[in-house]
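Residue numbering restarts at 1 for every chain, and letters A, B, ... go by the order of the sequence lines.
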There are 2 protein chains.
Amino acid sequence: MSSQPGLRMTQQHRVILEEVRTADSHPAADELYERVRSRLPRLSLGTVYRNLELLCQQGLVQKIELAGSQRRFDGNVQAHYHIRCVRCGLVEDLPIQPPDGLEDAARAATDYEVTGHRLKFFGICPECKHEAHREPPR
Amino acid sequence: MSSQPGLRMTQQHRVILEEVRTADSHPAADELYERVRSRLPRLSLGTVYRNLELLCQQGLVQKIELAGSQRRFDGNVQAHYHIRCVRCGLVEDLPIQPPDGLEDAARAATDYEVTGHRLKFFGICPECKHEAHREPPR
DNA sequence: ATAACTGCAAACGTTTTGCCAGCAT
DNA sequence: ATGCTGGCAAAACGTTTGCAGTTAT
């Protein structure tokens, strides 16, 4: 891997990637920071952000954009959708197929050169359904 | 309108709503701040945020979440999708229908109580297609 | 009198940046 | 020697909050 000119695969780079990939939830930068710090205690938060940005550019990690709250990251770069619990903020993968002809419908409706889409569902996770009353995410 | 107990329709409230609705693009809070300030020069940015929050709660305005950049607001609260230009950041409405059975497919794939979804397309707007090289959004 | 709202400024949390040292090439 | 990278700390950014004064009920 890492074939771009002048790109070094450092320890930090590798460990951060490993941790995004092994995280069960879709971690935010500061959660990742904690996780990686247990392996590289001198790591700085700035480095986490810098490396996540690099990993995204290399297509090894995906940003999950949800403005207003924190950005989250996903080590699974296959096309897939997410569902987010509106109570606790948890984000999970949702293994469903892209609807047929979705982007074609978009192309028919606009002059944009359509390059992709993002589909996110909202709902209440099983745990929150049962724990009736909880603190909202933020 | 405005029938909740203890909710006042102030000048700021009304003008902010008018400006979200008349804005051609989907404005961010600070763009709105500028627009409204040309009509109410002493208005503060805090008031813009507070009123946008109220307007969202009343269902008169919709937040468009795109983390990493700013939050944007939409005076059109009908169900509709958006397309965003990956070069210049412009957000426009996209008048297509929700795919049939989309949320049902999600329900089948998860234990969440699915309450909604958000679908956003990405692409390159006609203007950017022609102006070949431009500054990226941020 | 009470409660809702405003302007202003300070505080907040997240992300980005500048700087200098270290290390791989 | 060069240049990418890291740690650290400061800055920047968008957003929220506390406060004191104002206005409508």
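Counting to the nearest Å, the P atom of C:dT6 and the CZ atom of B:Arg37 are 16 Å from each other. Protein atom CG of A:Leu55 is 15 Å distant from nucleotide atom C1' of D:dC4, rounded to whole Å. The nearest whole Å value for the distance from the CZ atom in B:Arg8 to the C1' atom in D:dT23 is 6 Å. The CG-P distance, from A:Leu40 to D:dG7, rounds to 8 Å in whole Å. Between the P atom of D:dT23 and the CG atom of B:Leu7 lies a distance of 20 Å, rounded to the nearest Å. Whole-Å rounding puts the A:Gln11 CD to D:dG6 C1' distance at 12 Å. Distance A:Tyr33 OH to C:dG13 P: 16 Å, rounded to the nearest Å. Rounded to an integer number of Å, the gap from CG of A:Asp30 to C1' of C:dT15 is 11 Å.
With the nearest nucleotide of DNA chain C identified for both A:Tyr49 and B:Val48, B:Val48 has the one nearer the 5' end. Heavy-atom nearest nucleotides on DNA chain D were determined for A:Pro41 and for A:Leu54, and the one closer to the 5' end corresponds to A:Leu54.
For B:Leu45, counting side-chain heavy atoms from C-beta on, the closest listed nucleotide (C:dT16, D:dT15, C:dG7) is D:dT15. For A:Leu43, taking side-chain heavy atoms from C-beta onward, the closest of the listed nucleotides D:dT15, C:dA4, D:dG7 is D:dG7.
Note on B:Gln12: a side-chain N or O is less than 4.0 Å away from OP1 or OP2 of C:dG7. One finds a side-chain N or O of B:Arg71 lying less than 4.0 angstrom from the OP1 or OP2 phosphate oxygen of D:dT16. Taking side-chain N and O atoms only, B:Arg50 has no distance below 4.0 Å to OP1 or OP2 of C:dA4. The phosphate of D:dG7 (OP1 or OP2) has a side-chain N or O of A:Thr47 nearer than 4.0 angstrom. OP1 or OP2 of C:dT6 lies within a sub-4.0 Å distance of a side-chain N or O belonging to B:Thr10.
Taking the six-membered ring wherever Trp is involved, the centroid distance between the rings of A:Tyr81 and A:His117 falls below 6.0 Å.
Side chain of B:Arg118 to backbone of A:Lys120: no donor-acceptor contact under 3.5 angstrom is found.
A:Leu94 and B:Ala106 make their closest contact through CD2-CB, 3.7 Å (heavy atoms, listed as atom of the first residue, atom of the second, distance).
Atom CG of A:Asp100 sits in a sparse spot, with 12 or fewer heavy atoms from other residues, nucleotides or ligands closer than 6.0 Å.
Using a 4.0 Å heavy-atom distance criterion, A:Asn51 is classed as a sugar-phosphate-only contact.
With sequence neighbours left out, A:Arg37 forms a side-chain hydrogen bond (donor to acceptor under 3.5 Å, both in side chains) with A:Tyr33.
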